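Okay, so here's the structure we're looking at.
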2 protein chains.
Amino acid sequence: MAKPSIHDTPALHRSLARDMLRRWQSLGAAPGARLSRLALAKELGVSRTPVAGAMALLEALGVVESDGRHLLLRDPGFDPARLGGEAEGDAIDAFIMRLARDRRMGELEDEVSERQLQARYELGRAVVADALRRLSELGAVTRNRGHGWRFAAGYSSPEDRAASYRFRLMLEPPAMLEPAFALPSGWARMMREKHEGFLSRRWGATDPVAFFETNAAFHAGLAEASGNRFVLQAIEQQNQLRRFSNYDWQRGEERVRVSASEHIGILDALEAGDRAEAAERMYRHLAGTAALPWNGRRLAT
Amino acid sequence: MAKPSIHDTPALHRSLARDMLRRWQSLGAAPGARLSRLALAKELGVSRTPVAGAMALLEALGVVESDGRHLLLRDPGFDPARLGGEAEGDAIDAFIMRLARDRRMGELEDEVSERQLQARYELGRAVVADALRRLSELGAVTRNRGHGWRFAAGYSSPEDRAASYRFRLMLEPPAMLEPAFALPSGWARMMREKHEGFLSRRWGATDPVAFFETNAAFHAGLAEASGNRFVLQAIEQQNQLRRFSNYDWQRGEERVRVSASEHIGILDALEAGDRAEAAERMYRHLAGTAALPWNGRRLAT
DNA sequence: TGCTGCATTATGGTGGCACACAGAGCAATT
DNA sequence: AATTGCTCTGTGTGCCACCATAATGCAGCA
């Protein structure tokens with residue numbers, strides 16, 4: 001087991017290997033090309049050490065060959081996805097999601113201490129502390145004045161929910177009218193297909209989560225297309241908040257169909273080049289969703 | 001020196017003491033009133049231990065008197081500000097400000113390691129790491145893939161500056177039209193006085209910083225009045241970003257006068273109850289400021 | 001000269017430990 | 001019965017050392 005394997009290899013090495021592979025493919029590099037570790041290091045903005053590690057990994061996979069001293073590219077067609085860990089969601093993100101799930105299930109008290117969480121989830125101090133800090137920035141959790149943390153009670157309250165929608169109403173429609181607004185090529189088609197999937201398939205048990213993520217990606221994608229990083233940041237934050245707090249997850253099939261077709265309508269307008277119409281539809285979409293009665297139970301203050 | 005003094009007393013104790021003092025004053029508590037530590041603890045959402053500490057502090061200051069067993073209120077008029085540490089700016093905040101200043105002075109490289117910063121500023125690792133993480137959330141600094149951090153080069157770039165203003169243009173005017181919008185009583189008058197100070201006084205050397213903070217407080221105050229916590233959060237983030245990156249700090253007297261009078265104009269409209277007019281003026285104010293040529297030097301990419 | 005392997009140094013994440021302090025139970029006091 | 005002092009346990013933070021790994025210097029080589 002001394003050979004470098006895909007697993008148990010430093011994350012940075014894998015990540016660099018993936019990046020290089022992608023770059024070779026997009027540049028159409030031919031097998032047999034000579035590679036310089038030093039040049040690669042400069043290109044990637046990193047020192048030679050991790051580059052050497054990445055190349056060792058690629059050599060073990062037969063993508064690259066070392067004739068003692070020099071590196072030769074052998075199989076540039078290797079699928080980068082096989083290097084795994086693509087969306088190596090932060091350990092912190094993963095933990096936040098577990099917290100969200102357990103909270104939803106009612107398996108987690110309102111008031112917790114960092115130690116409890118450390119023990120319960122078998123995590124290091126750093127991860128727990130970071131996650132709590134991030135959640136507190138979202139407003140999902142607050143520090144007690146003394147010890148411990150408290151999951152914000154009013155967190156999924158109707159007031160917060162309304163504030164969230166009003167906030168998005170201020171941002172999302174105008175974002176589509178930004179002068180720099182431009183969708184990445186292929187994005188609209190990809191999104192459309194995902195949404196149509198929800199309309200044509202029968203509604204399954206795992207679909208609520210899948211639809212939530214599609215929905216989040218839709219809104220984040222449009223925010224990104226606005227070209228304004230602050231808008232993107234704000235929308236991603238809203239997504240994370242909703243992901244954590246379970247807004248809307250239980251919306252039910254009927255409402256999902258409505259949402260999906262509204263999204264598709266927005267895509268229609270965008271592809272027709274009518275951004276004003278798209279913004280208008282976005283406004284109605286958000287306002288309509290906001291006005292829905294919400295079936296969450298009201299927590300005690 | 002064994003007596004509890006204002007200093008070297010746990011921050012929580014001081015903070016609780018301040019809170020209680022404020023509450024007594026706003027409730028108009030009379031001297032001689034009996035106090036129960038247990039009741040106070042419940043009120044403050046904290047255990048009896050820190051409450052006891054806070055009361056010991058107040059006793060040392062003569063605000064409260066202990067007849068062996070019971071607590072009596074003696075001097076409810078004591079000025080809470082004398083307890084000091086009011087805006088006990090996080091060590092982290094203070095450090096961030098030092099970084100900002102040194103960066104502005106060009107005394108800090110583009111690329112730094114945590115150790116360097118630790119050594120240079122004689123701080124613990126935790127403070128440095130936290131500060132960098134917070135700055136990275138603002139986008140002011142980014143992690144290198146390997147080791148080290150890099151101050152975002154394009155950070156005060158014209159593009160980012162424009163994005164920031166466009167973001168605020170989307171939020172701030174509509175925020176003033178929110179149905180729940182309501183200014184705290186006295187806020188408008190207080191703000192007006194501050195601004196008029198800048199118009200009437202001669203322009204001094206320390207005024208740029210003071211005006212920046214007044215300006216930030218003005219915008220944050222309006223955001224808060226909107227009643228939407230997401231709006232407030234976004235605006236505060238923008239303030240912190242601008243504070244760090246030194247947008248506008250060197251605007252010069254003439255421009256400050258214009259800004260101050262535009263702010264006063266907005267206050268006029270609000271006090272007249274004409275929020276539509278106020279929002280319109282806010283829009284013009286932001287758009288006008290955004291269009292200013294910016295005299296910052298452009299950093300190399 | 002430009003690159004490599006090897007060796008050295010520096011970095012940042014992690015875990016253990018200690019300390020100051022918050023929380024909570026209990027007997028005593030009124 | 002309510003509240004307090006006392007005490008003990010639990011909590012979070014700072015400090016330190018360790019370790020995997022990234023950066024870098026250097027001699028050798030094409």
Side-chain angles (χ1 to χ4, degrees), chain A residues 4 8-16 34-42 44-57 66-71 90-92 111-119 122-130 132-133 143-150, chain B residues 4 8-16 34-42 44-57 66-71 90-92 111-119 122-130 132-133 136 143-149:
Chain A
D8 86 2
T9 251
L12 179 55
H13 297 189
R14 265 185 312 192
S15 162
L16 292 175
R34 269 278 252 298
L35 307 169
S36 148
R37 291 177 175 82
L38 181 61
L40 296 179
K42 279 180 187 156
L44 292 160
V46 113
S47 80
R48 286 154 40 215
T49 313
V51 171
M55 291 305 128
L57 175 58
S66 166
D67 73 338
R69 209 170 158 77
H70 292 287
L71 277 177
D90 230 281
I92 296 170
E111 201 156 344
V112 294
S113 79
E114 295 183 19
R115 303 287 269 250
Q116 276 173 35
L117 295 178
Q118 267 183 67
E122 296 178 354
L123 291 169
R125 273 182 310 179
V127 181
V128 174
D130 272 6
L132 286 174
R133 219 173 44 86
R143 283 198 86 83
N144 286 346
R145 298 197 74 170
H147 281 317
W149 296 79
R150 163 177 298 277
Chain B
D8 84 1
T9 253
L12 179 56
H13 296 192
R14 265 184 312 191
S15 162
L16 293 175
R34 270 279 251 297
L35 307 168
S36 147
R37 292 177 175 84
L38 181 62
L40 295 178
K42 279 180 188 155
L44 292 160
V46 112
S47 80
R48 284 158 42 216
T49 313
V51 171
M55 291 306 128
L57 175 58
S66 167
D67 74 338
R69 207 167 160 78
H70 293 288
L71 277 177
D90 230 280
I92 296 171
E111 201 157 341
V112 294
S113 80
E114 295 183 17
R115 305 290 267 248
Q116 276 172 37
L117 294 179
Q118 264 182 75
E122 297 179 351
L123 291 170
R125 257 206 310 187
V127 179
V128 174
D130 273 6
L132 286 173
R133 252 182 318 186
S136 77
R143 287 199 79 84
N144 285 348
R145 296 195 73 170
H147 280 319
W149 296 78

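Owing to the predicted nature of the structure, the values given are computational and were not obtained by experimental measurement. By convention in this document, chain letters (A, B, ...) are assigned in the order of the sequence lines, proteins followed by strands, and residues within each chain are numbered from 1.
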Nearest whole Å is fine: how far is [N] [atom2] from [X] [atom1]?
X: A:Leu38; N: D:dT24; atom1: CG; atom2: C1'; result: 12 Å
X: B:Arg48; N: D:dA2; atom1: CZ; atom2: P; result: 14 Å
X: A:Met55; N: D:dA22; atom1: CE; atom2: P; result: 13 Å

- Query: Taking for each residue the nucleotide of DNA chain D with the nearest heavy atom, is it B:Ala126 or B:Lys42 whose nucleotide lies nearer the 5' end?
  - Reply: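 Nearest-nucleotide comparison on DNA chain D picks B:Lys42.
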
For the student: nearest non-hydrogen atoms of [X] and [Y], plus distance:
X: B:Gln118; Y: B:Gly124; value: CG-O, 4.0 Å
X: A:Val112; Y: A:Gln116; value: CA-OE1, 3.7 Å
X: A:Leu132; Y: A:Trp149; value: CD1-NE1, 3.4 Å

- Item | Nearest-nucleotide 5' precedence on DNA chain C, B:Val46 against A:Gly124 |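 Whichever sits nearer the 5' end wins; that is A:Gly124.
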
- Note on the structure: Residue pair B:Ser47/A:Leu71 against DNA chain C: nearer the 5' end by closest nucleotide is A:Leu71

State the [atom1]-[atom2] distance between [X] and [Y], to the nearest 0.5 angstrom.
X: B:Met55; Y: B:Leu16; atom1: CE; atom2: CG; answer: 7.5 Å
X: A:Arg37; Y: A:Leu71; atom1: CZ; atom2: CG; answer: 4.0 Å
X: A:Leu12; Y: A:Leu44; atom1: CG; atom2: CG; answer: 9.0 Å
X: A:Asp130; Y: B:Asp130; atom1: CG; atom2: CG; answer: 8.0 Å

- Task: Would you indicate, yes or no, if D:dG5 has its OP1 or OP2 atom less than 4.0 angstrom from a side-chain nitrogen or oxygen of B:Arg37?
- Result: yes

- Query: Is B:Ser15 close to A:Arg145 at the side-chain level, that is, under 4.5 Å between some pair of heavy atoms?
  - Reply: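 SC-SC contact between A:Arg145 and B:Ser15 confirmed.
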
- Message: Within the 4.5 Å heavy-atom criterion, are A:Arg125 and A:Glu114 side-chain neighbours or not?
- Response: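 They are not in side-chain contact.
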
Between protein and nucleic acid, restricted to nucleotides 27-30 of chain D and to nitrogen or oxygen atoms under 3.5 Å apart, what atom pairs and distances do you find?
| residue | atom | partner | partner atom | Å |
| --- | --- | --- | --- | --- |
| D:dG28 | N2 | A:Arg69 | NH2 | 2.8 |

- Message: What range of DNA chain C does chain A touch, first nucleotide to last, counting atoms under 4.0 Å from its heavy atoms?
- Response: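 Nucleotide range with atoms under 4.0 Å of chain A: C:dC3 to C:dG23.
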
- Message: For a quick check of understanding: with a heavy-atom distance under 4.0 Å over all strands, which category does B:Ala52 fall into, base, sugar-phosphate or nothing?
- Response: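 Nothing, no heavy atom under 4.0 Å.
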
- Task: Looking at every strand, decide which applies to A:Ser36 at a 4.0 Å heavy-atom threshold: base, sugar-phosphate, or nothing.
- Result: sugar-phosphate

Close N or O pairs between protein and nucleotides 10-13 of chain D (under 3.5 Å):
| residue | atom | partner | partner atom | Å |
| --- | --- | --- | --- | --- |
| D:dG10 | N2 | A:His147 | NE2 | 3.4 |
| D:dT11 | OP1 | A:Ser113 | OG | 3.4 |
| D:dT11 | O2 | A:His147 | NE2 | 3.4 |
| D:dG12 | OP1 | A:Glu114 | N | 2.9 |
| D:dG12 | OP2 | A:Glu114 | N | 3.1 |
| D:dG12 | OP2 | A:Arg115 | N | 3.1 |
| D:dG12 | N7 | A:Arg115 | NH1 | 2.8 |
| D:dT13 | OP1 | A:Arg143 | NH2 | 3.3 |

